[in-house]
Amino acid sequence: MKRLISILLLAALALGLLAACSDEEPTPEPTQAPANVQVQAGEAGGLPADLLAVANERGLTPQDIRAALKTYVPSGKMDEYYLFSSGGQSGNVVVIGVPSMRILKNIAVFTPEAWQGYGYGDIGTEEVLDGGNVDDTKIRMGDTHHPALSETNGDYDGQFLFINDKASARVAVIDLRDFETKQIVKDPNLISNHGSSFVPPNTEYVIQTSQYATPLGWEYAPISEYKEKYRGLATMYKFDREKGRIDMDNSFSIELPPYWQDLCDAGKLGSDGWAFCNSFNSEMATGGIEQGNPPFEAGVSQRDTDYMHIFNWKKAAEIAEQPGKTEVINGMRVIRIPTAVEEGILFLAPEPKSPHGVDVTPDGKYLTVAGKLDPHVTIYSFDKIQKAIADKKWTTDEFGIPVLNFDDVMLAQVELGLGPLHTQYDDKGNGYTSLFLDSAVAKWTLGGEDPAGYKLVEKLPVQYNIGHISSAEGGTVSPDGKYLVALNKWPVDRFLPTCPLKPQNEQLPDIGSDQMNIIYDMPMGIGEPHYAQMIKADKIKAWETYPEVGWDPITQSPSEFKTMPGQERIERDGNNVEIFMTSIRSHLTPEHVTLNKGDNVTWHITNIETAPDATHGFDLGGQNLSLSIEPGETATFKFVANNDGTYAYYCTEFCSALHLEMMGYMMVAPAAAQ
Ligand code: K7E
Ligand code: CUA
């Protein structure tokens, strides 16, 4: 009876919760589901009677059937594109197949992840995470926004992926040979970035700008000293492609005014060497609602225009090499504003109103800026910018930085709708811009040099509150068109409720036909996706297994701790114990590890399998440890045997019929027994 009551109570609670969560008036108006139009014989390509029956039983319209045909990837067949999507506050990257929208993998980046054995064991991947620590605080979360695929001659080359952590001004490098994070770097002079990660056409650098200005050098300074001391930064992280690492010693920053820099894009083809970044607090508002000051949201939106930052990073890289032109702050070379102005590296141009995205066209000639509070997108001409600079036609801001005249650099404006954010391009001369407030994607034509040629073509409603969009190969000099992923904030009524935290979602509009149509809805099941990049699948050359047995995936070279069958051993030197273990279906060798309380343990495991998929996991109870040891990999972890007792270790992947037997005992003797 008591049990029945508690079940009823639980049910009532669940219903109450559901009701509470669906009673809430959703801000965006849900769109009407398409009327249940019966499919007639002869429609949808003359469906056979049995398929017609399925379609009608499931209430599918001809458009639904078309969408299914365009996205369904049969068992055993592969998708056409990889989509690398930020996983937002989950601190990772989600890899998705397009057009099926099936999730292929979550790549752990800024957050430990047990399945991938990422971030455990004191060394190895935990050292990768430690690369992003802030002073002596271990950071184990991240807010990923903008993935950038490495490029060669302006096309994605499929070698590396970079992504930022907005929360702590960090950038990570992922190697696409094994889809694993290899490096995390922290900008020593910032605490938040947003205009990252962006790469120039040959990935010489990874570009980053700060978001919320902090005192230069990331020191303490009261907010009353905002104008004097607070600054933004553009950081050019030097990328060493050979090593697959950011080279901090050859990286540098350019000091920027405290205007809250936002998104950036790198020039390409004719504009290669330049970078363009928005900003949205040229008011230099400092908030303080609790003291009766205008709140930030009002303070930063007072002016009708903010500033696009235009900088010549190629020239800046030369200047940074010259003696006396930089100041070293916390180990990073910084080009100060007066030097940047004197050397002609840094310019500003007005942009309306609370700008968010700036996106360079595939030909490198134009930039599209979307202002959150302006219904237009504004198109700037790179040639006009260069002419204004050559003519020295400018005023200056209060930091002495040249401000080009809006009318001299602006080419066209297109009215699209409410809340334009981000723009992508296709292969047919169209731009696509997300409209946050309208919950729509606007398609418009690029007009080249003719301002009248920029025209709105079509608007597609999406569900709902769209942020970025990503078109196939969209960030390159040669986009494919075809697909456009919409990265949405709120699903409202799209999926079975999982209230109160609902899945953010991605939708797949088909842009290969004359009219845009949504052909797939995909819940993320993980943090808010911001940006994503889509690359042709055959450009990714991922390894099936590591190149040889005894491989260290961190250094991507043979490991000095490689252990082959017959070489398994336990070495003791005083309190230091080193274990050399192998794993193969279905045993771990050795099966007994005997330790004394207080021992310093270093443990190497080599997965000697060479068959694809033959991964062995490794969990050791009571040690907060989880490893994934892929075929050929040698993994190492360390711990101090602080607690005596008897522990079991075992393989976590159901790798064979005798997987449960793939285990061993670790016995830690108390001090008295030694
Ligand atoms: Cu628009 Cu961080 Cu690129 Cu989100 S940002 S939407
Ligand atoms: Cu190896 Cu289970």
Side-chain angles (χ1 to χ4, degrees), residues 85-89 115 117 142-148 163-167 169 192-198 207-212 260-265 277-278 280 354-359 369-372 419-424 433-437 439 441 462 464-470 474-475 485-490 504-506 524 527-533 581-589 591 605-609 611 613-619 626-631 633 635 648-664:
S85 172
S86 76
Q89 315 87 324
W115 168 57
D143 181 18
T144 58
H145 279 239
H146 305 112
I163 192 153
N164 69 314
D165 163 33
K166 173 178 161 170
S192 83
N193 66 23
H194 192 233
S196 173
S197 306
F198 298 92
I207 303 173
Q208 168 198 277
T209 55
S210 50
Q211 179 115 83
Y212 307 119
W260 289 8
Q261 287 74 29
D262 204 23
L263 281 153
C264 303
D265 203 0
C277 300
N278 289 330
F280 60 97
S354 293
H356 189 48
V358 51
D359 296 282
V369 169
K372 301 178 295 253
L421 294 186
H422 299 288
T423 299
Q424 292 273 281
T433 300
S434 55
L435 304 172
F436 179 80
L437 297 174
S439 286
V441 173
V462 294
Y464 301 89
N465 294 5
I466 183 173
H468 278 267
I469 45 183
S470 172
V485 170
L487 297 97
N488 305 327
K489 312 295 177 193
W490 287 11
Q504 276 128 342
N505 74 102
E506 306 197 356
M524 280 293 283
E528 171 182 347
H530 288 268
Y531 185 43
Q533 286 196 334
M581 177 176 268
T582 59
S583 66
I584 188 168
R585 281 161 288 172
S586 301
H587 50 270
L588 295 156
T589 311
E591 293 186 334
I605 309 176
T606 299
N607 178 350
I608 55 178
E609 304 262 8
D613 277 355
T615 294
H616 299 290
F618 186 85
D619 277 6
S626 181
L627 301 179
S628 169
I629 314 158
E630 283 108 54
E633 176 174 350
Y649 51 83
Y650 66 98
C651 169
T652 51
E653 290 258 337
F654 209 111
C655 53
S656 70
L658 294 173
H659 147 82
L660 291 178
E661 291 77 359
M662 196 169 173
M663 63 83 65

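Just the heavy atoms: all of them, side chains too, but no hydrogens, waters or symmetry mates, feed the values below. As the structure lists them, so they are numbered: ligands from 1, and atoms in each ligand from 1. These figures come from a predicted structure and were not determined experimentally.
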Could you tell me, atom by atom, which parts of ligand 1 come under 4.0 Å of a heavy atom of His356? 1 (Cu), 5 (S)

For the pair Asn164 and Ser197, evaluate side chain to side chain donor-acceptor pair (under 3.5 Å) and give the outcome as yes or no after the intermediate values. CA-CA 6 Å; Asn164 69 314; Ser197 306; 4.9 Å; no

Shortest non-hydrogen separation from [X] to [Y] and the atoms involved:
{"X": "Cys651", "Y": "His659", "answer": "O-CE1, 2.9 Å"}
{"X": "Ser86", "Y": "Met524", "answer": "O-CE, 3.9 Å"}
{"X": "Asn278", "Y": "His356", "answer": "ND2-O, 2.9 Å"}
{"X": "Cys655", "Y": "Met662", "answer": "SG-SD, 3.6 Å"}

Euclidean distance, Asn488 CG relative to Phe436 CZ, rounded to 0.5 Å: 10.0 Å

To the nearest 0.5 Å, atom OG1 of Thr606 lies from atom CE of Met581 at 10.5 Å

Proximity of His468 and His146 rings by center, below 6.0 Å: yes

Tell me if the centroids of the rings in Trp260 and Phe280 come within less than 6.0 Å of each other. yes

Could you tell me the residue and atom name of the protein heavy atom closest to atom 6 (S) of ligand 1, and the distance to it rounded to 0.1 Å? Lys489 NZ, 3.2 Å

Between Gln211 and ligand 1, find which residue part has any heavy-atom pair under 4.0 Å and reply side chain, backbone, both or neither. neither

At distances under 2.8 Å, what protein N, O or S atoms surround atom 2 (Cu) of ligand 1? His145 ND1, His194 NE2

Residue among Leu627, Asn607, Ile608, Thr615 satisfying side chain to side chain contact (heavy atoms under 4.5 Å, CB included) with Ser583: Asn607

Given a threshold of 2.8 Å, state how many protein N/O/S atoms are nearer than that to atom 1 (Cu) of ligand 2. 4

What's the verdict on side chain to side chain contact (heavy atoms under 4.5 Å, CB included) for Glu653 and Arg585, showing C-alpha distance, side-chain angles and the deciding distance? CA-CA 11 Å; Glu653 290 258 337; Arg585 281 161 288 172; over 6 Å; no

